[in-house]
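Before any comments, here is the structure.
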Amino acid sequence: SENLLRRMTERSQTMPEGFAEFASAFDEQQERLHGLADELSRVLRGLRDAAMDLRVVPIETLLNRYPRVARELARNQGKELRVSIDGRGARIDKGMVELLVDPLMHMVRNAVDHGVELPEERLEAGKQRQAQLTLGAEQRGEHVVVVLSDDGRGMDPVALRKRAVENGLMDQAAVDALDDQAAMRLVFEAGFSTNDEVTQTSGRGVGMDVVAAVAAQLGGSVSVRSR
C-alpha cells in the first residue's frame, strides 16, 4: 500500500488538482490507520500481560508448604533445624505448582534425612547444633531457579560410587570412570539409595529420580553441588 501511495503521489504532480487533493487525504488517512494499529497493539499487549498475571502466582505459595514438613521430620529424627524461605518475588504458572509439590517434597526430606546431622555430630564437627535449611527461588527472565541448600554433612563421591556398585546400578570399572560431579548425580538414578534400611522417608531408591524427571518434563534441569 505504501508503494501504491508513493506512485499515486508521484503521478498526482502531473494530474488534475482534484486528484492531488485525494492523494493527500489518502495519505492522512493512512497515517491515522497506522496510529490506530499502534494503539491496538498496545491494548493487545496489555491484555496479554493481564492474562499472564491471572495465570501466575508467587512461588512462596508453593515454598511455604515445606518448613513445617522439614521441622517435623527433623524433630522425629532427634535433629534440630532452622528453616528459611526466600522467594525473592519469583512467580510461576499455576499449572506448575502441583507438578512441583512432590519433587520439592523429596528434596526437602532428602536434605533433612541424609544431609542434616544429629546435634552431637554437628558439635563434634565444630558446627552449631541447630542445622540450617534454606529453600529459595530467583526469577531469571522467563525462567525460575529454585535452590534448596543445607549446612549438613554434604555428599561423599567415594561413598556414592561404592553404593552404586552395591545397588547393582554400575560395575566397579564404570564407577571408577566417574568424576566427582558425575558421582554425585548418581542420586538421581532410579533405585539408588545410600540407606541400608528402608524407612518411611528413605531407603527405597525412589524420590530424587522423580525430581530429575519432573525437571526435564518442565523443560528444566537439576544440578547438585556439595562441599
Side-chain angles (χ1 to χ4, degrees), residues 1-70 83-108 110-111 133-150 181-182 185 188 190 207-225:
S1 60
E2 292 182 359
N3 290 335
L4 175 62
L5 178 61
R6 186 169 55 254
R7 290 197 298 271
M8 292 173 64
T9 302
E10 291 172 352
R11 292 180 182 178
S12 70
Q13 297 174 357
T14 59
M15 291 187 175
E17 182 179 347
F19 187 83
E21 293 177 355
F22 169 79
S24 176
F26 185 84
D27 187 27
E28 292 177 3
Q29 187 65 23
Q30 187 181 51
E31 289 183 3
R32 267 193 220 100
L33 289 174
H34 280 313
L36 288 173
D38 291 341
E39 180 63 25
L40 180 60
S41 295
R42 285 193 293 271
V43 171
L44 291 175
R45 283 196 298 271
L47 289 173
R48 183 195 61 193
D49 293 341
M52 286 296 295
D53 286 340
L54 292 175
R55 288 178 50 194
V56 299
V57 294
I59 199 167
E60 281 95 342
T61 60
L62 172 63
L63 304 185
N64 286 334
R65 300 183 183 204
Y66 301 104
R68 182 177 60 83
V69 173
V83 183
S84 299
I85 298 294
D86 183 9
R88 298 190 182 184
R91 302 190 299 172
I92 58 174
D93 191 288
K94 290 180 180 178
M96 295 176 61
V97 172
E98 292 305 315
L99 289 174
L100 291 171
V101 169
D102 284 346
L104 287 176
M105 185 69 74
H106 289 306
M107 291 175 63
V108 168
N110 189 277
L133 185 145
T134 301
L135 184 56
E138 180 181 351
Q139 193 94 36
R140 296 182 185 175
E142 296 181 353
H143 303 281
V144 174
V145 179
V146 180
V147 179
L148 175 70
S149 63
D150 66 78
Q181 186 61 37
R185 287 195 61 82
F188 300 109
M208 297 303 287
D209 59 320
V210 173
V211 175
V214 173
Q217 177 185 345
L218 295 175
S221 61
V222 59
S223 60
V224 58
R225 291 181 296 185

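Computed from heavy atoms alone, side chains included, the values below leave out hydrogens, waters and symmetry copies.
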- Taking all non-hydrogen atoms of both residues, which atom of P103 and which atom of V211 are closest, and how far apart? O-CG2, 3.4 Å
- Message: Looking at every heavy atom in both Q181 and V224, which two are closest together, and how far apart are they?
- Response: NE2-O, 2.8 Å
- Sequence-distant partners of D102, salt bridge (Lys or Arg N to Asp or Glu O under 4.0 Å), two or more places apart: none
- Rounded to the nearest 0.5 Å, how far does CZ of R91 lie from CD of Q139? 7.5 Å
- Task: For E142, check salt bridge (Lys or Arg N to Asp or Glu O under 4.0 Å) against everything at least two apart and list the hits.
- Result: none
- Query: Roughly how far apart are K94 NZ and L62 CG, rounded to 0.5 Å?
  - Reply: 14.5 Å
- What pair of heavy atoms forms the shortest contact from V214 to L99, and how long is it? CG1-O, 3.6 Å
- Value for CG (D93) from CD1 (I59), rounded to nearest 0.5 Å, stands at 11.5 Å
- Query: For R140, what residues pass the salt bridge (Lys or Arg N to Asp or Glu O under 4.0 Å) criterion, not counting sequence neighbours?
  - Reply: E138
- Item | Euclidean distance, M96 CE relative to Q217 CD, rounded to 0.5 Å | 10.0 Å
- Report the residues that fulfil salt bridge (Lys or Arg N to Asp or Glu O under 4.0 Å) with R225, sequence neighbours left out, ordered by chain and then residue number. none
- Task: Could you name each residue pair satisfying salt bridge (charged side-chain N to carboxylate O under 4.0 Å, His left out) that touches residues 211-224, not counting sequence neighbours?
- Result: none
- Message: Suppose we screen for side-chain contact (heavy atoms from CB on, under 4.5 Å). Which residues come up paired with R68, at least two apart in sequence or across chains?
- Response: E72
- Looking only at heavy atoms, the pair that brings P67 and I85 closest together is CG-CG1, 3.7 Å
- Side-chain contact test, heavy atoms from C-beta onward, threshold under 4.5 Å: evaluate it for L104 versus L148 and give yes or no. no
- Item | Option among V146, L100, L218 that satisfies the side-chain contact (heavy atoms from CB on, under 4.5 Å) test with I92 | L100
- Ignoring hydrogens and angles, tell me if any N or O in the side chain of N110 forms a donor-acceptor pair with the backbone of H106 under 3.5 Å. no
- Item | Interatomic distance, L63 atom CG to D86 atom CG [nearest 0.5 angstrom] | 9.0 Å
- Query: So which heavy atom on V101 is nearest to which on R65, and how close?
  - Reply: CG2-NH1, 3.2 Å
- Spacing of CG belonging to D150 relative to CE belonging to M107, to within rounding of 0.5 Å: 10.0 Å
- Give the minimum heavy-atom separation between V144 and A90, together with the two atoms involved. CG1-CB, 4.2 Å
